[in-house]
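Only one structure is covered here, and it is reproduced in the block below.
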There are 2 protein chains.
Amino acid sequence: MSKRAKKNEQEAGDGDHDNGTAPAAKKGKKVKEPEAPILYSDPPDKMNSKDGRAANMKITSWNVDGLRAWVKKKGLDWVRDEAPDVLCLQETKCAEKSLPDEITSMPEFPHKYWAGSDEKEGYSGVAMLCKTEPLKVTYGIGKEEHDKEGRVITAEFPTFFLVTAYVPNSGRGLVRLDYRKTWDVEFKAYLSDLDKRKPLVLCGDLNVAHEEIDLKNSKGNKKNAGFTAEEREGFNQLLAAGFTDSFRELYPEQANAYTFWTYMMNSRSKNVGWRLDYFVLSSALLPGLCDSKIRNQAMGSDHCPITLHMVV
Amino acid sequence: MSKRAKKNEQEAGDGDHDNGTAPAAKKGKKVKEPEAPILYSDPPDKMNSKDGRAANMKITSWNVDGLRAWVKKKGLDWVRDEAPDVLCLQETKCAEKSLPDEITSMPEFPHKYWAGSDEKEGYSGVAMLCKTEPLKVTYGIGKEEHDKEGRVITAEFPTFFLVTAYVPNSGRGLVRLDYRKTWDVEFKAYLSDLDKRKPLVLCGDLNVAHEEIDLKNSKGNKKNAGFTAEEREGFNQLLAAGFTDSFRELYPEQANAYTFWTYMMNSRSKNVGWRLDYFVLSSALLPGLCDSKIRNQAMGSDHCPITLHMVV
DNA sequence: CTTGAAACG
DNA sequence: CGTTGCAAG
């Protein structure tokens, strides 16, 4: 391989979450054979906690990248099969009045909560759909500055809080990294405050790959949104505040486990991806943790869904 | 039919070229049966002039409403079957560098000319593709004010000028009617000047239905772009300057003959349309006129193509 | 590459 | 309703 080609393979483009592979080879140049995608084995869901109790709460989280398109691509069929107790969605990109009937009328989830962007229509937005009614539902993190983009919904259940979040992307050229750093600080403070009242589950697109193992091209992406030192440190600080990355807790060595692949350059078929979606748990909930799964077969978005089984 | 229903059927919306039919009937109300579309018979092309000479020039004009989408919808397959000597396109909405290979490499037309909008990418734009090379090709009408939107190409052939035009739409709410009136005056002047040198054929989307016979809902569209008194008078003035609407010349009583149908409200399937595309001829070319056809079976745009046969 | 909205028709 | 460039990811 030429020096230049090697460089390309590690460089990232100026986009966010780029996979860093070279662009289409020039005509006449030798092209690398397509390799078999490197996946990881997917054992059956563990339905019991370490201390032997049976899971009684199933939560699924999915960045749908445009709810309307995702519904057309039959994302809800997958959800019906998965049948979680709570479904959390990020990047719905849809005003409440424009939601498809198929989801607003879904009988499996009688309790539905929507947060949209105040300013920009079709931007950001999260949702939480529940089988049973939460005690209370709140929107945002209680900071005017951060609550205009429909990024957080918090539901209080008898024994825990469930927070779903779509963390701000730092953007191409890291144009929004400064804002993201503020967000990370204030969001962690919000979660710490909640945690003092009741343990919590945080799920959603946290827009960071924590460690090198959490993305394919770690080398080439150190200056790109989602893998900067600042964003990774933000995640470190969250864990230091007493929270746990449930997937990594259960599968500390598992490589090639991703939840996002850019639509560009056939990244998904090559499993050139990032782990950006998480279930993060208060330490008090760890004894009830049964499994934390990545459903990388489910299509309909550039992210795949993740599912948590726990005892609450 | 109720008075209200009747009113709806004649009213136009505030859009341009609306067909003026009522919106979807309210639930529970009686709905009119869908009627068989009223078309007109399409006799074989006349390939001789009145004085018996054989046609030796075939020109096709088509508002493609986005050349790239039209190419994907196989518009070029239809063109290859039609096999005109000159193909004129309007609303290409495509910068020259973004043209699909399939059209730039088309061997049937070795001589290709493109005009695009200077300011707005993906807006307006016309093209002329020729089997034989014109003596000279010019762009615009020689008035700075009118030549920024890629609306006119003029090709000089040995015995005539061919002008293809995409005349400015007066817009919803007639926001651009004033500009259109200026255009009509200056464009007529341009054509009159050309006509002094050599007779001409003008083809393209002239964005006006001339008389009541030239659109389905004439009553409801008198205040809408394409059928205002001002635009119709502009066309009258053009004819008064010594030019002839070739289709109407040959088929003076032919109703239900349209070249445009809004994509909305299934207008095309109901043949609720407008005749907006024309071949307009200098009087000196009338003896050579053989036929002026509307190819209303050709799909790929909200306009259909038209074809002229003449002796030059 | 893909989404959604905006402008235009 | 459907096209385009656009911002965003």
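Keep in mind that the numbers below use all heavy atoms, side chains included, and drop hydrogens, waters and symmetry copies. Chain identifiers are assigned alphabetically (A, B, ...) following the order of the sequence lines, protein sequences preceding nucleic acid strands; residue numbering begins at 1 within each chain.
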Without decimals, in angstroms, what is the distance between [X] [atom1] and [N] [atom2]?
{"X": "A:Leu67", "N": "C:dG4", "atom1": "CG", "atom2": "P", "result": "8 Å"}
{"X": "A:Glu91", "N": "C:dT3", "atom1": "CD", "atom2": "P", "result": "12 Å"}
{"X": "A:Leu99", "N": "C:dG4", "atom1": "CG", "atom2": "C1'", "result": "14 Å"}
{"X": "A:Asp205", "N": "D:dG9", "atom1": "CG", "atom2": "P", "result": "11 Å"}
{"X": "B:Phe260", "N": "D:dC1", "atom1": "CZ", "atom2": "P", "result": "14 Å"}
{"X": "B:Asn207", "N": "C:dG9", "atom1": "CG", "atom2": "P", "result": "8 Å"}
{"X": "B:Tyr263", "N": "D:dT4", "atom1": "OH", "atom2": "C1'", "result": "12 Å"}
{"X": "B:Leu174", "N": "C:dC8", "atom1": "CG", "atom2": "C1'", "result": "15 Å"}

Please name all residues satisfying side-chain hydrogen bond (donor to acceptor under 3.5 Å, both in side chains) with [X], sequence neighbours left out, ordered by chain then number.
{"X": "B:Lys222", "result": "B:Glu212"}
{"X": "B:Glu211", "result": "B:Arg232"}
{"X": "B:Asp277", "result": "B:Thr259, B:His303"}
{"X": "A:Ser301", "result": "none"}

- Message: Starting the side chain at C-beta, find the nucleotide from D:dG9, D:dT3, C:dG9 nearest to B:Arg151.
- Response: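 When the side chain of B:Arg151 is considered, C:dG9 is the closest of D:dG9, D:dT3, C:dG9.
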
- Query: What pairs with A:Asp178 under salt bridge (charged side-chain N to carboxylate O under 4.0 Å, His left out), at least two apart in sequence or on another chain?
  - Reply: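 Testing A:Asp178 for salt bridge (charged side-chain N to carboxylate O under 4.0 Å, His left out), a comparison that skips the adjacent residues, returns A:Lys181.
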
- Message: One pair to check against salt bridge (charged side-chain N to carboxylate O under 4.0 Å, His left out): A:Arg151 and A:Glu149. What are the steps and the verdict?
- Response: CA-CA 6 Å; A:Arg151 296 188 174 276; A:Glu149 298 186 328; 2.8 Å; yes

- Message: Please determine whether a side-chain nitrogen of the Lys or Arg among B:Asp65 and B:Lys93 lies less than 4.0 Å from a carboxylate oxygen of the Asp or Glu.
- Response: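 A salt bridge is present here (some side-chain N lies under 4.0 Å from a carboxylate O).
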
What nitrogen or oxygen pairs link the protein and nucleotides 5-8 of chain D at under 3.5 Å?
residue : atom : partner : partner atom : Å
D:dG5   : OP1  : B:Arg68 : NH1          : 3.3
D:dG5   : OP1  : B:Arg68 : NH2          : 2.4
D:dG5   : OP2  : B:Arg68 : NH1          : 3.3
D:dG5   : OP2  : B:Arg68 : NH2          : 3.1

- Tell me what B:Lys73 touches on the nucleic acid: a base, only sugar-phosphate, or nothing, going by heavy atoms under 4.0 Å. sugar-phosphate

- Message: Reading DNA chain C from 5' onward, which residue's closest nucleotide shows up sooner: A:Ala69 or B:Asn63?
- Response: A:Ala69

